[in-house]
Amino acid sequence: TGTSRLQIPDRLERAIDDRLVGVGQASAAMLAVAVEASGDIRRVGAIAADDAIDAAVAAGLLERSGDVVRFVHPLVRARVIARASHAELRATHLQLATLVEAAGDHEAALWHRAEAATAPDEELAAQLFELGDNCRQRGATREWLLAAQRAARLSPDIEDAALRLADAAHAAWFLSD
């Protein structure tokens, strides 16, 4: 998971911003993270008000098909996230972590807690590193790489961080084949 920033032309930014007016910035940030997390309308609706979802659909930002909601284009999602504050995104990730943990999805909850982290956290880093090892064992090399990288960034101890980065490099080597 991650919130990468795409370059969006100014004219397109303004067009998306105009559509976001009716949704509200805090709601838009919640929608962005929730939609990215699963697209499951029940999860999205658990953290974003139904009127925010309806407003985003009416504005042409989201499309809904049955129980799935998604952004109409990746650039729309990128703009919504770019406009969101770190505090808004963090709060949304923490809400989703609680929600998915309660639903029994411990791996997704761990990723959301990692996205919400604002400082080194050894417990979280160790859990991510363990997750990376589990991903490696089941052949999910990309997830192994991402978990090891994030674990390294969250490691308060430089030696632990170095070991976790070496593990990430190992995963990247496997991906290069």
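Side chains included, hydrogens not; waters and symmetry mates left out as well; all remaining heavy atoms used.
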Spacing of [X] atom [atom1] and [Y] atom [atom2] [to the nearest 0.5 Å]:
X    : Y    : atom1 : atom2 : value
I158 : L163 : CD1   : CG    : 11.0 Å
L128 : E123 : CG    : CD    : 11.0 Å
R14  : I8   : CZ    : CD1   : 12.5 Å
R153 : D121 : CZ    : CG    : 14.0 Å
E101 : L96  : CD    : CG    : 12.5 Å
T118 : L154 : OG1   : CG    : 9.5 Å

Original post:
Name the one of R77, R79, E63 that satisfies side-chain contact (heavy atoms from CB on, under 4.5 Å) with F71?
Top reply: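 For F71, the side-chain contact (heavy atoms from CB on, under 4.5 Å) check succeeds only for R77.
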Subject >> Heavy-atom donor-acceptor pair, R150 side chain to A114 backbone, under 3.5 Å >> reply: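 Checked: pair present.
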Original post:
For R138, does its backbone N or O pair with a side-chain atom of R136 as donor and acceptor, under 3.5 Å?
Top reply: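 Side chain of R136 to backbone of R138: no pair is present.
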Subject >> Verdict with supporting geometry, D167 and W144, side chain to side chain donor-acceptor pair (under 3.5 Å) >> reply: CA-CA 9 Å; D167 195 57; W144 168 27; 2.8 Å; yes
Closest heavy-atom contact between [X] and [Y]?
X    : Y    : answer
G60  : V72  : O-CG2, 3.2 Å
A116 : R90  : O-NE, 2.8 Å
E143 : C135 : CB-SG, 3.7 Å
A126 : R164 : CA-NH2, 3.8 Å

Original post:
Does CD in Q137 sit with more than 12 non-hydrogen atoms of other residues, nucleotides or ligands closer than 6.0 Å?
Top reply: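 Counting other residues, nucleotides and ligands, CD of Q137 exceeds 12 neighbours.
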Is it the case that one hydrophobic cluster holds both [X] and [Y], taking links as side-chain heavy atoms less than 4.5 Å apart, direct or via other members?
X    : Y    : result
W173 : L146 : no
W111 : L94  : no
L165 : F129 : no
L131 : V100 : no

**OP:** Applying side-chain contact (heavy atoms from CB on, under 4.5 Å), run through L145 and L175 and close with a yes or a no.
**Re:** CA-CA 9 Å; L145 170 63; L175 278 176; 3.6 Å; yes
Original post:
Is the shortest heavy-atom distance from the side chain of L75 to the side chain of L12 under 4.5 Å?
Top reply: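 Yes; the side chains approach each other to less than 4.5 Å.
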Subject >> Audit row: L62, R70, side-chain contact (heavy atoms from CB on, under 4.5 Å) steps and yes/no >> reply: CA-CA 5 Å; L62 294 177; R70 66 182 183 94; 6.0 Å; no
**OP:** Take E130 and N134, measure what side chain to side chain donor-acceptor pair (under 3.5 Å) needs, and give me the verdict at the end.
**Re:** CA-CA 6 Å; E130 182 179 334; N134 293 339; 4.5 Å; no
Subject >> Verdict with reasoning, Q127 to R113, per side-chain contact (heavy atoms from CB on, under 4.5 Å) >> reply: CA-CA 11 Å; Q127 290 173 353; R113 286 196 314 275; 3.0 Å; yes
**OP:** Could you check D17 against L20 for side-chain contact (heavy atoms from CB on, under 4.5 Å), going step by step and ending with a plain yes or no?
**Re:** CA-CA 5 Å; D17 289 350; L20 282 169; 4.2 Å; yes
